[in-house]
Amino acid sequence: NILLLVSVCLLCGVFVSGVWFWWKQYQLTKVREVTATALRTFPVLMADAERGWKNRPNSEMFSGETFPLRESPPFRMNSDESQILISEPSSVTFKKTLWIIGDSSPFGLGANAEKTFASLLAKTLASRGVSVRNFSVIGYHSSQMRKYLEILEQKNSSKPDLLILWVGFNDVSKFIQ
């Protein structure tokens with residue numbers, strides 16, 4: 001009886017391990033498919049070994065009510081991957097920094113550049129000495145965002161005084177699918 005019980009437990013363990021391994025491979029394949037689709041769809045994105053994709057430095061993405069609308073001002077990416085949304089007045093001395101990190105909603109996909117959450121916040125807070133940097137990436141979900149935040153903290157010598165983390169829409173759509 002003990003030999004039979006041990007055999008059944010081993011068989012179940014092998015079966016569960018096989019299913020777990022298959023599921024991990026399936027998830028990896030799906031991530032590769034989504035990454036390939038995102039890179040083809042949005043030229044502002046580039047491949048990244050750790051996160052799947054990231055903002056392409058020195059690239060442009062046009063915004064607008066109907067995407068893409070060429071008359072609308074573009075979002076431009078700094079080499080540190082943040083968006084340039086408004087030209088900051090040179091006479092303003094910034095005392096604090098605020099980072100916005102999120103998915104396409106805080107990125108401003110589909111909105112005119114001047115009407116995005118980040119742009120309006122930057123204009124409002126500039127007079128109070130707060131510099132706003134938008135590090136949002138289209139299509140990111142929470143696990144990519146966690147890794148992205150770690151990378152930003154390592155790459156930037158200074159950390160933000162304030163942080164807005166806005167993630168969730170892509171997680172919900174991933175769950176629904």
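Because the structure is a prediction, the values reported are computed rather than measured. Start at 1 with the first residue, then count along the sequence.
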What is the minimum heavy-atom distance between G102 and Y140, and which atoms define it?
-> O-CB, 4.4 Å
Any chain of hydrophobic side-chain contacts (each under 4.5 Å) joining L120 to I100?
-> no
Would you say L162 and F117 are hydrophobically clustered, going by side-chain heavy atoms of ILVMFWY under 4.5 Å?
-> yes
Does some side-chain heavy atom of L98 sit less than 4.5 Å from a side-chain heavy atom of I164?
-> yes
State, yes or no, whether a side-chain contact exists between V137 and L45 at a heavy-atom distance under 4.5 Å.
-> yes
Atom CZ of R133 and atom CG of L163: how far apart are they, to the nearest 0.5 Å?
-> 13.5 Å
Identify the heavy atoms of N55 and F107 that sit nearest to each other, and give their distance.
-> OD1-CE1, 4.2 Å
Enclosure of L10 CG (heavy-atom neighbours >12, cutoff 6.0 Å) | yes
If we only count heavy atoms from C-beta on, is the M46 to P57 side-chain gap below 4.5 Å?
-> yes
Nearest atoms (heavy-atom pairs only) where Q144 meets G139 = OE1-O, 3.8 Å
Taking all heavy atoms of A122 and all of V132, pick out the closest pair and write down the distance.
-> CA-CG2, 3.5 Å
Please answer whether the main-chain N or O of F135 pairs with a side-chain N or O of Y148 as donor and acceptor at a distance below 3.5 Å.
-> yes
Just wondering, do M145 and I101 contact through their side chains at under 4.5 Å, heavy atoms?
-> yes
Could you tell me whether the side chain of T29 and the main chain of Q25 form a donor-acceptor pair under 3.5 Å?
-> yes
Candidate pair L152 and K159, rule side chain to side chain contact (heavy atoms under 4.5 Å, CB included), full reasoning = CA-CA 9 Å; L152 284 174; K159 300 202 181 336; over 6 Å; no
Do L121 and V130 sit in the same hydrophobic cluster, where Ile, Leu, Val, Met, Phe, Trp and Tyr count as joined when their side-chain heavy atoms come under 4.5 Å apart?
-> yes
Separation between OG of S7 and CD1 of I2, rounded to the nearest 0.5 Å = 11.5 Å
If only atom types and distance count, is the side chain of W99 paired as donor or acceptor with the main-chain N or O of D161 below 3.5 Å?
-> no
Start with the C-alpha distance between W166 and S105, add both sets of side-chain angles, then the distance that settles side chain to side chain contact (heavy atoms under 4.5 Å, CB included), and finish with yes or no.
-> CA-CA 8 Å; W166 183 346; S105 295; 3.9 Å; yes
Can you name the closest pair of heavy atoms from D48 and K54 and give their distance?
-> OD1-CD, 3.5 Å
Under 3.5 Å donor-acceptor, N134 side chain and P106 backbone | yes
Minimal heavy-atom distance between V167 and H141, with the atoms involved, is CG1-C, 3.8 Å
Rounding to 0.5 Å, atoms OG (S142) and CG (L149) come to a distance of 12.5 Å
